[in-house]
Amino acid sequence: MCSVAVRMSVRSSMAVSPEVPMLVAEDVHRQFEGIHAVDGVSLEVPRGKITGLIGPNGAGKSTFLAVLAGTLPASGGRVVFEGEDITRLPAYGRARRGLVRTFQLPSEFARLTVLENLLVAAPKNRGDSLFGALMGRRYWIQDEERLVDEARRLLRRFGMGAKESDYAGLMSGGQKRLIEIMRALMLHPRCLLLDEPMSGVHPRIVEEIQHYLESLRAEGLTIVMVEHELRLVEQLCDSVFVMAQGKLIGSGTMASLRRQREIVDAYLVG
Ligand code: ADP
Ligand code: MG
């Protein structure tokens, strides 16, 4: 039952050849009044894997994720998603194509219920169009019911079925992270960009989130994840990119990165 729910959440990408990388950054720059937050990053995100993005505070990881997702425009360079140049596409257009991000700080709607938080993320239903409105309630109510069913399946899968009517603002740090991930899944992503999904989370829930991310990968979802905790990165990520001062300074498995002197000096400790 669980896998049925998520098979519905993870969109198939049969139309695009598996040879085409999921996501490509080409010489991406982002400046803030003289600060080169992202300074010429080029990389390819492989399909169906969990890719880690690590680096010290201020390295530019969140900014880079924002430029990939379109929540911040690039100052230079290109972003290509499934072979299509999306550099000028706004975030909602990217989300519609299957590229969806979450935020470093929880961004739940505190005064909506947990279920409503998932529903507001869902793509607009037919009732929102003039045609839908003219056709009447019976026409679009099916969409609403379908979305409520989908949200409930996700809540059950993520162990939050009993919380659907509680205010999101009352949830724990870990539950807010899960809400964030479920909201992203309501958009049926093919590629999910997660900014520190485990931060502020109780260790027991960290393990749960880890397990959920692994099962999403098993169902074909591509995940890019900024994460501070290197032990988690080692366990979860198939490969890792390292950023420092806006630049990419290395990539590979965590084990191979630990063997590279300049990366250890720049960032890794122990
Ligand atoms: P990280 O996520 O790796 O900690 P950030 O991407 O948040 O790094 O920040 C990279 C650099 O860009 C930092 O020097 C930060 O102060 C700066 N920066 C980030 N966002 C903004 C902003 N909205 N305005 C100005 N400077 C910013
Ligand atoms: Mg950050």
Side-chain angles (χ1 to χ4, degrees), residues 23-45 50-79 86-88 90-92 94-95 99-108 173-174 176-181 183-184 189 191-201 205-206 209-210 213 222-234 236-237 239-252 254 257-258 260 262-270:
L23 184 61
V24 180
E26 289 176 13
D27 196 26
V28 165
H29 289 255
R30 172 67 206 197
Q31 287 149 27
F32 296 108
E33 290 135 24
I35 299 171
H36 287 75
V38 179
D39 194 10
V41 172
S42 299
L43 55 77
E44 284 189 10
V45 173
I50 303 181
T51 300
L53 181 58
I54 64 173
N57 261 335
K61 306 179 299 293
S62 292
T63 305
F64 181 60
L65 220 60
V67 170
L68 292 178
T71 44
L72 274 177
S75 314
R78 291 204 321 151
V79 181
I86 56 164
T87 316
R88 310 223 175 284
Y92 69 86
R94 298 185 198 199
L99 178 63
V100 178
R101 74 165 295 186
T102 67
F103 290 86
Q104 184 170 355
L105 297 172
S107 61
E108 83 286 351
K176 287 179 183 175
R177 290 288 169 194
L178 288 174
I179 291 173
E180 187 105 336
I181 292 169
R183 275 171 46 187
C191 181
L192 196 56
L193 309 173
L194 303 174
D195 200 349
E196 302 201 21
M198 321 281 198
S199 80
V201 173
I205 314 255
V206 166
I209 296 180
Q210 187 172 352
L213 296 182
T222 300
I223 297 174
V224 178
M225 186 176 127
V226 174
E227 180 51 55
H228 223 69
E229 178 61 62
L230 296 184
R231 183 185 54 82
L232 279 174
V233 175
E234 189 133 38
L236 258 181
C237 298
S239 61
V240 181
F241 290 107
V242 190
M243 281 181 76
Q245 297 178 335
K247 295 187 193 300
L248 198 66
I249 60 165
S251 65
M254 224 24 239
L257 291 170
R258 285 191 194 283
Q260 293 174 42
E262 58 276 31
I263 289 173
V264 174
D265 288 348
Y267 175 53
L268 304 177
V269 183

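Start at 1 and go down the list; that is how both ligands and their atoms are numbered. Remember, predicted model here, so these are calculated numbers, not experimental data.
Checked by distance only, ligand 1 and Ile35 stay at 3.5 Å or farther apart across all their nitrogen or oxygen atoms.
In terms of protein heavy-atom proximity, atom 24 (N) of ligand 1 is nearest to Phe32 CD2, 3.5 Å. Shortest contact from atom 7 (O) of ligand 1 to any protein heavy atom: Ser62 CB, 3.9 Å. Scanning the protein heavy atoms around atom 8 (O) of ligand 1, the nearest turns out to be Gly60 N, 3.1 Å. Here the heavy atom of the protein found nearest to atom 6 (O) of ligand 1 is Thr63 OG1, 2.5 Å. Among all protein heavy atoms, the one lying closest to atom 12 (O) of ligand 1 is Ala37 CB, 3.3 Å.
Proximity of Gln260 to Leu257: side-chain heavy atoms (C-beta onward) are separated by under 4.5 Å at one or more points.
Between Ser75 and Gln31, the shortest heavy-atom distance links the atoms OG-N, 2.9 Å. Considering every non-hydrogen atom in both Met243 and Pro56, the closest pair reads O-CD, 3.4 Å. Ile205 and Gly174 get closest at one heavy-atom pair: CG2-CA, 3.9 Å.
Within 6.0 Å of CZ on Phe32 lie more than 12 heavy atoms contributed by other residues, nucleotides or ligands.
Put simply, the side chain of Ser251 never gets that close to the backbone of Val240: no donor and acceptor are under 3.5 Å apart. In terms of modelled atom types and a separation under 3.5 Å, the side chain of Arg30 and the main chain of Pro73 share a donor-acceptor contact.
The distance from ligand 1 to the heavy atoms of Ala59 drops below 4.0 Å at these ligand atoms: 1 (P), 3 (O), 8 (O). Atom numbering of ligand 1 starts at 1 in the shown order; those under 4.0 Å from a heavy atom of Asn57 are 4 (O).
For the Mg ion (ligand 2), the N/O/S atoms of Thr63 include none lying under 2.8 Å.
Evaluated by nearest non-hydrogen atom to atom 1 (P) of ligand 1, the leading choice among Gly246, Ala66, Gly34, Gly58 is Gly58.
Shown here, atom 15 (C) of ligand 1 is out of close reach of the protein: none of its heavy atoms lies under 4.0 Å off.
A donor atom on one side chain and an acceptor atom on the other are found under 3.5 Å apart for Ser199 and Arg177.
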